[in-house]
Amino acid sequence: MKLQLALDLVNIPEAIELVKEVEDHVDVVEIGTPVVINEGLKAVKEMKAAFPELTVLADLKIMDAAGYEVSQASAAGADIVTILGAAEDASIKGAVEEAKKQGKQILVDMIAVKDIATRAKELDELGVDYICVHTGYDLQAAGQNSFEDLATIKSVVKNAKTAVAGGIKLDTLPEVIKAQPDLVIVGGGITGEDDKQAAAAKMKELITQG
Ligand SMILES: O=C([C@H](O)CO)[C@H](O)[C@H](O)COP(=O)(O)O
């Protein structure tokens with residue numbers, strides 16, 4: 001099980017400073033969608049240049065023109081690129097094909113997908129690397145989480161790795177760990193803490209204990 005730090009509400013210099021604090025405790029650094037919207041793929045490029053050893057994920061949440069967008073994120077240095085599970089199969093295939101060509105990986109974000117079990121099975125057959133259940137900010141505000149959806153994908157996915165994101169904090173992490181996803185994605189649960197290093201270290205410790 002790996003820990004991914006999601007950076008959403010920062011600019012590039014703040015993102016780099018934050019990663020300096022926690023780099024020993026995280027496996028993947030995500031350039032979040034709001035950062036990509038504000039700063040472009042330059043954020044991915046600068047993060048990879050600053051931390052060449054870290055796996056960098058570009059959270060583009062691709063919906064169309066997938067092969068092209070994956071190629072651009074790959075050129076910027078992303079190791080993993082995200083596409084939405086709601087995208088057309090043709091887009092998913094384009095993303096997977098381009099990622100394979102570039103030696104990169106595709107994570108599918110299941111945000112807003114209604115029939116998680118059916119779509120997860122289809123995506124698994126399309127050869128994606130990760131399938132991620134995700135409660136976005138707007139539904140987190142309504143008190144929702146993805147823990148049940150995580151159990152659902154764990155029961156149907158045969159080849160892809162599983163991931164979970166959305167409002168995970170230190171107090172809810174043990175419940176997530178029990179479900180044994182391959183990747184746990186945490187944003188505000190680390191970036192919103194006064195002592196970010198301590199929060200990341202504690203989370204990594206719990207994850208390592210499994
Ligand atoms: O993908 C995300 C969200 O849609 C904003 O882009 C976040 O990175 C993801 O939800 C993880 O962040 P937290 O919910 O703060 O843990």
>> Using a 6.0 Å cut-off, check whether atom NZ of K2 has over 12 heavy atoms from anything other than its own residue.
In response: no
>> Take a 6.0 Å sphere around CD of E14 and say whether it holds more than 12 heavy atoms from other residues, nucleotides or ligands.
In response: yes
>> Show, in sequence, the C-alpha distance, side-chain angles and deciding distance for F51 and V19, and conclude whether the side chain to side chain contact (heavy atoms under 4.5 Å, CB included) test is met.
In response: CA-CA 9 Å; F51 302 97; V19 174; 3.6 Å; yes
> Where do V29 and T55 land on the side chain to side chain contact (heavy atoms under 4.5 Å, CB included) test, with the steps shown first?
Replying inline: CA-CA 6 Å; V29 170; T55 299; over 6 Å; no
> Charged N to carboxylate O below 4.0 Å: is that the case for E98 and K101?
Replying inline: yes
> Would one find more than 12 heavy atoms of other residues, nucleotides or ligands at under 6.0 Å from atom CG of D138?
Replying inline: no
> Does K154 NZ have over 12 foreign heavy atoms under 6.0 Å away?
Replying inline: yes
> Do L41 and K45 have side-chain heavy atoms sitting under 4.5 Å apart?
Replying inline: no
> Should E97 and K100 count as an ion pair when the cut-off is N to O under 4.0 Å?
Replying inline: no
>> Show, in sequence, the C-alpha distance, side-chain angles and deciding distance for V186 and L3, and conclude whether the side chain to side chain contact (heavy atoms under 4.5 Å, CB included) test is met.
In response: CA-CA 7 Å; V186 180; L3 177 60; 3.8 Å; yes
>> How long is the straight-line distance from CD of E122 back to CD1 of I92, given to the nearest 0.5 Å?
In response: 10.0 Å
> Nearest heavy-atom pair of V156 and D124: which atoms, and what distance?
Replying inline: O-OD2, 4.4 Å
>> If hydrophobic clusters are built from ILVMFWY residues whose side chains come within less than 4.5 Å, do I190 and V56 share one?
In response: yes
>> Please check if the number of heavy atoms outside K121 that lie under 6.0 Å from its NZ is greater than 12.
In response: no
> Does one side chain, of Q197 or E21, offer a donor that lies under 3.5 Å from an acceptor on the other?
Replying inline: no
>> Side chains of T135 and N145: any donor to acceptor distance under 3.5 Å?
In response: no
>> Using a 6.0 Å cut-off, check whether atom CD of Q140 has over 12 heavy atoms from anything other than its own residue.
In response: yes
> Does V44 belong to the same Ile/Leu/Val/Met/Phe/Trp/Tyr cluster as V10, with side-chain heavy atoms less than 4.5 Å apart forming each link?
Replying inline: yes
>> Grouping I, L, V, M, F, W and Y whenever their side-chain heavy atoms are under 4.5 Å apart, do V81 and I83 come out in a common cluster?
In response: yes
>> So which atom in L5 and which in L18 form the shortest heavy-atom distance, rounded to 0.1 Å?
In response: CD2-CD2, 4.2 Å
>> My understanding is that a hydrophobic cluster links ILVMFWY residues whose side chain heavy atoms are under 4.5 Å apart, including indirect links. Using that, what else belongs to the cluster containing L84?
In response: M63, I111
> Would you say the side chains of T33 and D59 form a donor-acceptor pair under 3.5 Å?
Replying inline: yes
> If you round to the nearest 0.5 Å, how far is CD1 of I153 from OH of Y130?
Replying inline: 12.5 Å
>> Which heavy atom of L60 sits nearest to which heavy atom of A73, and what is that distance?
In response: CD1-CB, 3.9 Å
> Roughly how far, to the nearest 0.5 Å, is the CD atom of E46 from the CD1 atom of I31?
Replying inline: 9.5 Å
> Under 3.5 Å, is there a donor-acceptor pair between the side chain of T82 and the main chain of V108?
Replying inline: no
> What's the shortest heavy-atom distance between K48 and D79, and which atoms?
Replying inline: NZ-OD2, 2.8 Å
>> Restricting to non-hydrogen atoms, name the atom on A15 and the atom on L7 that form the minimum distance, rounded to 0.1 Å.
In response: CB-CD1, 3.9 Å
> Does a side-chain N-to-carboxylate-O contact under 4.0 Å join K20 and E17?
Replying inline: yes
> How far does CD of Q4 sit from CD1 of I80, to the nearest 0.5 angstrom?
Replying inline: 6.5 Å
> Judged by atom type as modelled, is there a donor-acceptor pair below 3.5 Å linking the side chain of R119 to the main-chain atoms of M110?
Replying inline: no
>> Taking the side chain as everything from C-beta on, heavy atoms only, tell me whether L9 gets closer than 4.5 Å to T191.
In response: no
> So, does S91 use its side chain to make a donor-acceptor pair with the main chain of A87 at under 3.5 Å?
Replying inline: no
>> Any heavy-atom pair between the side chains of H134 and K61 that's under 4.5 Å?
In response: yes
> With no hydrogens and no angle check, is any side-chain donor or acceptor of E175 less than 3.5 Å from a backbone partner on F147?
Replying inline: no
> Does I185 share a hydrophobic cluster with L206, counting links as ILVMFWY side-chain heavy atoms below 4.5 Å and allowing steps through other members?
Replying inline: no
> Heavy-atom distance under 4.5 Å between the side chains of L170 and K202, does that happen here?
Replying inline: yes
> What do the steps show when you test V26 against K204 for side chain to side chain contact (heavy atoms under 4.5 Å, CB included), and what is the final call?
Replying inline: CA-CA 7 Å; V26 302; K204 183 66 181 171; over 6 Å; no
> Is atom CD of Q180 surrounded by more than 12 heavy atoms (other residues, nucleotides or ligands) closer than 6.0 Å?
Replying inline: yes
>> Restricting to non-hydrogen atoms, name the atom on A120 and the atom on V157 that form the minimum distance, rounded to 0.1 Å.
In response: CB-CG2, 4.1 Å
> Counting only N and O atoms by type, is there a donor-acceptor contact under 3.5 Å from the side chain of T118 to the main-chain atoms of D115?
Replying inline: no
>> Please report the interatomic distance OG1(T162) to CE(M1), rounded to the nearest 0.5 Å.
In response: 9.0 Å
> Is a salt bridge present between K104 and D129, judged by a nitrogen-to-oxygen distance below 4.0 Å?
Replying inline: no
> Out of curiosity, E69 CD to D64 CG, how far, rounded to the nearest 0.5 Å?
Replying inline: 7.5 Å
>> I'd like to check N38 versus N11 (side-chain heavy atoms, cut-off strictly below 4.5 Å). Are they in contact?
In response: no
>> If hydrophobic clusters are built by linking Ile, Leu, Val, Met, Phe, Trp and Tyr wherever their side-chain heavy atoms come under 4.5 Å apart, do I16 and L57 end up in the same one?
In response: no
